[in-house]
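Chain A is the first sequence line, chain B the second, and so forth, proteins listed ahead of strands; every chain is numbered from 1.
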Amino acid sequence: MNFDDTPQEAAFRAEAKAWIAANAPKQYEDELRKASLGRVQLKGANILEVAKAWQKKKADAGWACLHWPKEYGGRGSSPIERVIWQQEEGPFGRLSSMFIIGHGMCGPTMMAFAGEEQKRKYLPPLASGEKVWCQLFSEPAGGSDVAGLRTRAEKQGDEWVINGQKIWTSGAHYSDYGILLTRTDPNVAKHKGLTMFFLDMKSPGVEVRPIKQASGASDFNEVYFTDVRIPDSQRLGNVNDGWNVSLTTLMNERMSIGAGVATGFPELFDFCNSLMLEDGPAIENRAVRAKLANWAVKASGLKYTSMRAISALSRGERPGPENSIGKLVAGSMIQDVATYALDLQGAAGALNGPEDAEVAGKFQAMLLRAPGTRVEGGTDEIMRNIIAERVLGLPGDIRVDKDVPFNKIPTKGRA
Amino acid sequence: MNFDFSDEQKQMRDEARKYLAEQCPPKAVREVLDGKVPYDKALWKGLAEMGFLGVAIPEKFGGAGAGHLELCVIAEEMGRALAPVPFSSTVYLAAEAILIAGSDMQKQKWLPKIASGDAIGTLALFEGKGNPSPKAVKVTANGGVLNGVKKPVADGAIADFAVVAARAGSSGRESDISLFIVDLKAGGVAVKSLTNIDLTRGQAEITFKDAKAEPLGAAGEGWSVITQVLDRAAVLMAFEQVGGADRALEMGRDYALDRIAFGRPIGSFQAVKHMLADMYVSATLARSNCYYGAWALSTNAGELPEAAAAARISATQAFQHCAKNNIQVHGGMGFTWEFDCHMYYRRANAVALGLGSLSYWEDALIDRMRKKNAA
């Protein structure tokens, strides 16, 4: 058991460090370091442009999508090299947040199911950030129950015609392409009639409407499809085998590699270190310390859990369902940490303006964003089901619609 | 970087697990639980023969000289099996204190006896209520003899010797505290067994009346040694706790699969599944913190104080959480004497206190993080 770099790892680290020092957009470093969780904004600059420029620079020098094969725009790096890169990239890594879905989910799905020519055409510009991708899975009728989706795809000659609606689509408003899960046969059980495609988001008939979220931000969208045409050559996997294709995507989604899940703990610790309460510094208050200690060990537990996962990956083991733990723990923790940070501020904790609020309103922003973290990418409840069923081997939930043809499944409660 | 035990260490774990499954089944634990014997003597001898008692003791002092990572691996299995032997008091506390502060002669005298199972040792630190603190040490050391009362002392009634923290000065500073080795079978020592919530590991009160004491380490440096011993023991104990937590989770899982209610295994109900998933989460976070502690312990890293506190807190919480909810999953059966659930519940709650309570370690962790931050 050791934390030391091997000579090879040390050489990689030195190379990465030197390149980042010479090339990173340092004028934004401070702002990126201070940015609140879940939302990165830059004053006086378009975040998307800054992010794209940094990604392109990385790609040109061979530092983008490190673990992808070189021919698709990556570097063919080991899992540990990815972690080393993340450590060295530091706050600049936050600029990659708009590419997470493309790099983490769409790319791997394309790699597994697209044709060779398509991979060489679409993957390098995805890796370099020139083209942004989104993932069109969730629907009003199918959130956690992804397979309950209703967007139809009907074959007409060499094309498929798409009609329906997606929701909760992160980044659709600035995406160039998307992967799309559709229903191609409503007469069979719900998991058996799905098909996956990829499409150009600028296709006629695609309409993106941003959703104003509870936090006030608009990171997600509704996407409407009206007679959108997709060539059959853009189908991923076999007709009606979309469920299996989507499982590849979702498995990649949960495989959160790196020691980077945001918990809010470092921010709270710093805050308590500087905050004065009525009877002295917050950090010297026994009750505050007990709270901090509880979160400290959760944060370090998550950090070392992911390091164990990386060690397993580098031995050639596959990432398993135990990786669901990161989001499950971090989601509630951010929410609790933010609530507590406001509690420590008393009545003034409710103030949100950057001028009035402590730490420029960071914890208020965290509080308002946190409910989303517990839902997106699988709710806490789904994460617990995954752990219970796939790690502990407990029986699956009873699914009364499992063998019922999709078009016979009831659609309303209390009918 | 490699954040895992080696194949050899894992092999050792398998060996220890297999050995303990055979030699320390719940039936053996119950012999001690029911008060028939104060500890499992045969198991103690067997552990010595397997080389487990001296796994981290250097070869020149009669040990196996393997190291602390190996000791962590064994500790986890001891916790898993609820081994009713004075392993933690002898190996994590007494042996570590001697390893840290002992003279060559003291090491020659005690460590081979520990490794061979011929001497049971303990640390006599506490004096009634409260957490580790130099101020709480009232037992006096004067002219080579000790006077005063220590309680609770883990395994004190079966120990042959104790490392005792005593007050040798009156400056009111940490430097008043020195350590001594006391032969508990000698004159001037009275030992009384105390009942406690974990019936599988004894606690005692030890009264010293002009009891002869041999200094351990430099005078006035006792508290610094105690702090180091507690940090090391915190990591080792945390592995015991993770072993116990894992076993409690496993028991709950197995019962949830077997027990049918309302026509289904109870493990198919989300309320039960989610409780078990949360047990898994706490045990996993604790295990990861323990691995970090193991690394810090085995390399004697500057991070050890912080890593030890984190492992201790996380593992204490996980074991208590898993032991408590294991009973909940079992329902009424879990609260019967015949089922083993209560043995884990007892151990989880007793072991949570033995090195200072949870709140003590919470305080220590933040203190240490703060110092590191300021540095």
Would you mind reporting whether [Y] and [X] have side-chain heavy atoms less than 4.5 Å apart?
{"X": "B:Glu362", "Y": "A:Arg289", "answer": "no"}
{"X": "B:Gln317", "Y": "A:Lys298", "answer": "no"}
{"X": "B:Asn373", "Y": "A:Phe269", "answer": "yes"}
{"X": "A:Leu302", "Y": "B:Ser288", "answer": "no"}
{"X": "A:Arg308", "Y": "B:Asp4", "answer": "no"}
{"X": "A:Arg384", "Y": "B:Lys273", "answer": "no"}
{"X": "B:Asn2", "Y": "A:Arg315", "answer": "yes"}
{"X": "A:Val297", "Y": "B:Arg312", "answer": "no"}

Measure distances from [X] to the heavy atoms of chain A and classify the residue's part below 4.5 Å as side chain, backbone, both or neither.
{"X": "B:Met275", "answer": "neither"}
{"X": "B:Arg264", "answer": "side chain"}
{"X": "B:Leu365", "answer": "side chain"}
{"X": "B:Ser359", "answer": "both"}

Side chain to side chain contact (heavy atoms under 4.5 Å, CB included) between B:Leu249 and A:Leu392: does it pass, once the steps are laid out?
CA-CA 9 Å; B:Leu249 166 61; A:Leu392 300 178; 4.3 Å; yes

Please find the pair of heavy atoms, one from A:Pro395 and one from B:Gly267, that lie closest to each other, and give the distance.
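Distance-wise, the nearest heavy atoms are CD-O, 3.4 Å.
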
State, to 0.1 Å, how close A:Gly393 and B:Leu257 come at their nearest heavy-atom pair, and which atoms those are.
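Of all heavy-atom pairs spanning A:Gly393 and B:Leu257, the closest is O-CD2, 3.6 Å.
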
A:Tyr304 and B:Tyr292 aromatic centres sub-6.0 Å:
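Centroid distance A:Tyr304-B:Tyr292: below 6.0 Å, so yes.
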
Within a 6.0 Å radius of atom NZ on B:Lys135, are there more than 12 heavy atoms belonging to other residues, nucleotides or ligands?
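No, the 6.0 Å shell around NZ holds no more than 12 heavy atoms from other groups.
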
Exam field: side chain A:Glu9 to backbone B:Met1, donor-acceptor pair closer than 3.5 Å:
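Yes: the side chain of A:Glu9 pairs with the backbone of B:Met1.
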
Greatest number of heavy atom pairs closer than 4.5 Å to chain B - which of [options]:
{"options": "A:Asn294, A:Val329, A:Asp4, A:Val391", "result": "A:Asn294"}
{"options": "A:Ile387, A:Leu394, A:Leu328, A:Asp270", "result": "A:Leu394"}
{"options": "A:Asp397, A:Asn273, A:Thr6", "result": "A:Asp397"}
{"options": "A:Ile80, A:Asp5, A:Asn385", "result": "A:Asn385"}

Please report the interatomic distance CG(A:Asn2) to CZ(B:Phe3), rounded to the nearest 0.5 Å.
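It is 10.5 Å, given to the nearest 0.5 Å.
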
Would you give the length of the straight line joining atom CD1 of B:Ile366 to atom CD of A:Glu284, rounded to the nearest 0.5 angstrom?
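These two atoms lie 12.5 Å from each other.
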
Picking from B:Leu69, B:Ile313, B:Asp278, B:Thr299, which has the most non-hydrogen pairs under 4.5 angstrom with chain A?
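Of B:Leu69, B:Ile313, B:Asp278, B:Thr299, B:Asp278 has the most heavy-atom pairs under 4.5 Å with chain A.
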
